[in-house]
Student: 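Would you mind keeping the following structure in view while I ask a few things?
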Amino acid sequence: MIQVHLAKGRGKSELTVVCLHEKERVPAWVNTATQGAAARAKKLGDFAAKTKETLLLYGDASHPRVLLVGLGARKTSSPERVRRAVGRAIRHARKLNARTVLLSAPNPRPKGPEFAQIAARAAILADYSFDECKGKSPKRALMKVSIEVEGASAATIRESVCVAEGTNLARDLGNRPGNVGTPTHLANEAKRLGKKHGFRVKILLPADIKRLGMGGLIGVAKGSAEPARFIEMEWSPKKVNRKAGTLCLVGKGLTFDSGGISIKPAANMWDMKFDKCGGCAVIGAMSAIAAAKLPIRVVALVPATENMPGAAANKPGDVLTALNGKTIEVLNTDAEGRLILADALAYSARFKPDVILDFATLTGAVMIALGDVRAAVMGNDEALLKAVRAAGDDAGERVWPLPMDEEYGEQVKSSVADVKNLGKGRLAGSIAAGWFLRNFVPEGPSWVHVDIAGVAWNGDVSKGYVAKGATGFGVALAYAYAKARSQA
Ligand code: BES
Ligand code: MN
Ligand code: ZN
């Protein structure tokens, strides 16, 4: 457990973290606390405040331990650098079993309020680890972090806490193995969170899903013994900016993807418990948005199911009818994400959204294109694509657009049905998937699809604030977009 808040003075702390840029002077109070050791270390060149550099010193009764943390050259500093530095500091604090941490930056860049916002989120992300499956889960004491930078406000720190906790929640849900993190489990979690944060939750059961005619979701769920769920969440605050309209978030909640009859190879199949990370991100984002009480109506939809090769499973060549009446030829049962998203996108029409953002671990191909650095975005509106990119940069969850020429759309037309769930094999697989989805986006709203298959898990742990397993990618981006929109 970790709590982050605004420092009320310097007081006493078991660990005092001082973030410094190269060539920056050690503040007088740090020198006093360390009896001059901090300045001497700088003078001797033992600590030059380069990125990744840290130095632990011992001080007086109020500041028994002082950790100097390098931020690199001030000129070139960035939010990402701050996240990494703070992340490293918090992990160090955890190793030292520090229960109280003072986090200070005498000359922050970006300036105080923004620095505090970035640092607060990074601290909570850095302290995450997934231990609940261990027989004896390690004991972790409560760590209280006070942030001391000039101009920081308690309100922005509180907002960061909402976003970071939403991300860690998405990580928890994503990390749960397939036998625990079932569609039923996701639905129960959504209900619990709705009660906690004050958003409405409605769960559609298999009978409802059939009655409505969600052929894609039914088709994928047929091969599994785990019943499907369709999770609907709505944050409709009293205090709302009417101009912001309705934002709809959609997330792929595929709790285990074996591939179905078009079964995947055994190696790495275990990773397919992470195929629900889009849905988890959307649940985490809803929690963050409601916890922070953003003044915008947000609807979130998560179709949740397993993809298994049971006796009743989808067969290659089967034709399904989606909720909007379009028919789909299933050529590969492993291209299942787009089948369940088709129904969710079509279902969103009933909320008359202005903007739809969907998050999905949709294609292996996106990993070839962009690796684990950026997610891919595709959409039907340049202005929205730009806004999503800006939100991603702001949140430190970066995206990059893929082209949507009509020719790619041709690839998913079927000679048997309206569309087919396979494009030209290995060619432009992510774009073919994006075009497939586009066929199910209601008339009217702007839409962006975020393919997070490359960034949803196994992130770069050395960054300091990225944990093993699920990353929670998408929560901060969706929050940043919703926030910007709520201020429009
Ligand atoms: N969930 C996978 C995508 C995926 C694969 C994510 C590997 C991360 C790592 C998705 O359902 C899938 O299997 N996609 C297929 C589509 C293909 C059959 C057209 C893929 O990418 O191989
Ligand atoms: Mn698949
Ligand atoms: Zn999948």
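Values in this document were obtained by computation on a predicted structure and should not be read as measured data. Order of listing sets the numbers, starting from 1, for every ligand and every atom in it. The analysis underlying the following values was restricted to heavy atoms, covering all of them including side chains, and did not include hydrogens, waters or symmetry mates. Nothing fancy with the numbering, it's 1 onward along the sequence.
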Student: Give the name of the N/O/S atom in Asp275 that lies closest to the Zn ion (ligand 3).
Tutor: OD2
Student: Just checking Glu132: does its CD atom have more than 12 heavy atoms from other residues, nucleotides or ligands closer to it than 6.0 angstrom?
Tutor: yes
Student: Ring-plane angle category for Trp457 and Phe274, please: parallel below 30°, perpendicular beyond 60°, tilted otherwise.
Tutor: parallel
Student: Which residue and atom name correspond to the protein heavy atom nearest atom 14 (N) of ligand 1, and how close is it?
Tutor: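 Protein heavy atom with the smallest distance to atom 14 (N) of ligand 1: Leu362 O, 3.5 Å.
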Student: Which of the atoms in ligand 1, numbered in the order shown and given with their element, are less than 4.0 Å from a heavy-atom of Lys264?
Tutor: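 Under 4.0 Å from Lys264, ligand 1 has these atoms: 12 (C), 13 (O).
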Student: For the residue pair Pro445 and Pro353, what are the closest heavy atoms and their distance?
Tutor: CB-O, 3.3 Å
Student: Within ligand 1, which atoms have a heavy atom of Met367 less than 4.0 Å away?
Tutor: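 Answer for ligand 1: 8 (C), 9 (C).
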Student: Among all protein heavy atoms in this structure, tell me which lies nearest to atom 7 (C) of ligand 1, with the distance rounded to 0.1 Å.
Tutor: Met272 CE, 3.6 Å
Student: Any N/O/S of Asp334 under 2.8 Å from the Mn ion (ligand 2)?
Tutor: yes
Student: Under 4.0 Å from any heavy atom of Asn332, which atoms of ligand 1 are there?
Tutor: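 Here the atoms of ligand 1 in question are 18 (C).
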Student: Should we say atom NZ of Lys264 is surrounded by more than 12 heavy atoms from elsewhere, each under 6.0 Å from it?
Tutor: yes
Student: Tell me whether Asp257 has any N or O atom under 3.5 angstrom from an N or O of ligand 1.
Tutor: yes
Student: In this structure, are over 12 heavy atoms from other groups packed under 6.0 Å from Lys463 atom NZ?
Tutor: yes
Student: Any nitrogen or oxygen of Ala453, main chain or side chain, under 3.5 Å from a nitrogen or oxygen of ligand 1?
Tutor: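 No, there is no polar N/O contact under 3.5 Å.
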Student: Name whichever N, O or S atom of Asp257 ends up nearest to the Mn ion (ligand 2).
Tutor: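 Minimum-distance N/O/S atom of Asp257 relative to the Mn ion (ligand 2) is OD2.
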Student: Can we say Glu329 and Lys420 salt-bridge, meaning some charged N sits less than 4.0 Å from an Asp/Glu carboxylate O?
Tutor: no
Student: Roughly, to 10 degrees, what angle do Asp257 atom OD2 and Lys252 atom NZ form around the Zn ion (ligand 3)?
Tutor: 180°
Student: Any idea which heavy atoms bring Val86 and Ala123 closest together, and the distance?
Tutor: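 Taking Val86 first and Ala123 second, the nearest heavy atoms are CG1-N, 4.0 Å.
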Student: Nearest N/O/S atom of Glu336 with respect to the Zn ion (ligand 3), by atom name, please.
Tutor: OE2
Student: Check whether any heavy atom of Phe256 sits under 4.0 Å from an atom of ligand 1.
Tutor: no
Student: Please determine if Trp457 has a nitrogen or oxygen closer than 3.5 Å to a nitrogen or oxygen of ligand 1.
Tutor: no
Student: Please determine if Thr363 has a nitrogen or oxygen closer than 3.5 Å to a nitrogen or oxygen of ligand 1.
Tutor: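 Between Thr363 and ligand 1, no N or O pair is found under 3.5 Å apart.
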Student: Indicate yes or no: at least one non-hydrogen side-chain atom of Ile289 is less than 4.5 angstrom from one of Phe199.
Tutor: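 Result no, sub-4.5 Å side-chain heavy-atom pair not found.
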Student: Does the side chain of Ile368 come within less than 4.5 Å of Arg426's, by heavy atoms?
Tutor: no
Student: Does the side chain of Ile209 reach to within under 4.5 Å of the side chain of Asp343, using non-hydrogen atoms?
Tutor: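 Counting from C-beta outward, Ile209 and Asp343 never come under 4.5 Å.
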Student: Would Lys276 count as a contact of ligand 1 if the rule is a heavy atom under 4.0 Å away?
Tutor: no
Student: Which of the numbered atoms in ligand 1 are below 4.0 angstrom from a heavy atom of Lys252?
Tutor: 1 (N), 10 (C), 11 (O)
Student: In the protein, which heavy atom is nearest to atom 15 (C) of ligand 1, and how far is it?
Tutor: Asp334 O, 4.1 Å
Student: Of all the non-hydrogen atoms in the protein, which one sits nearest to atom 16 (C) of ligand 1, and at what distance?
Tutor: Arg338 NH2, 3.7 Å
Student: Restricting to non-hydrogen atoms, name the atom on Ser446 and the atom on Asp381 that form the minimum distance, rounded to 0.1 Å.
Tutor: OG-OD2, 2.9 Å
Student: Do Arg91 and Tyr465 touch side chain to side chain, with heavy atoms closer than 4.5 Å?
Tutor: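 A side-chain contact under 4.5 Å is absent here.
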Student: Rounded to the nearest 0.5 Å, what separates atom NZ in Lys139 from atom CG in Asp131?
Tutor: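 Lys139 NZ to Asp131 CG: 13.5 Å, rounded to 0.5 Å.
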Student: Out of Leu254, Leu422, Thr361, indicate the one that has the non-hydrogen atom closest to atom 19 (C) of ligand 1.
Tutor: Leu422
Student: So is there a nitrogen or oxygen of Asp275 less than 3.5 Å from a nitrogen or oxygen in ligand 1?
Tutor: yes
Student: Relative to atom 20 (C) of ligand 1, which among Ala433, Gly423, Gly364, Ala456 owns the nearest non-hydrogen atom?
Tutor: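 That would be Gly364.
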Student: Give the ring-plane orientation class for Trp447 versus His449, where under 30° counts as parallel, over 60° as perpendicular and anything between as tilted.
Tutor: parallel
Student: Which atom name does Glu336 have for its N/O/S atom nearest to the Mn ion (ligand 2)?
Tutor: OE1
Student: With a cut-off of 4.0 Å, which atoms of ligand 1 are near a heavy atom of Glu336?
Tutor: 11 (O)
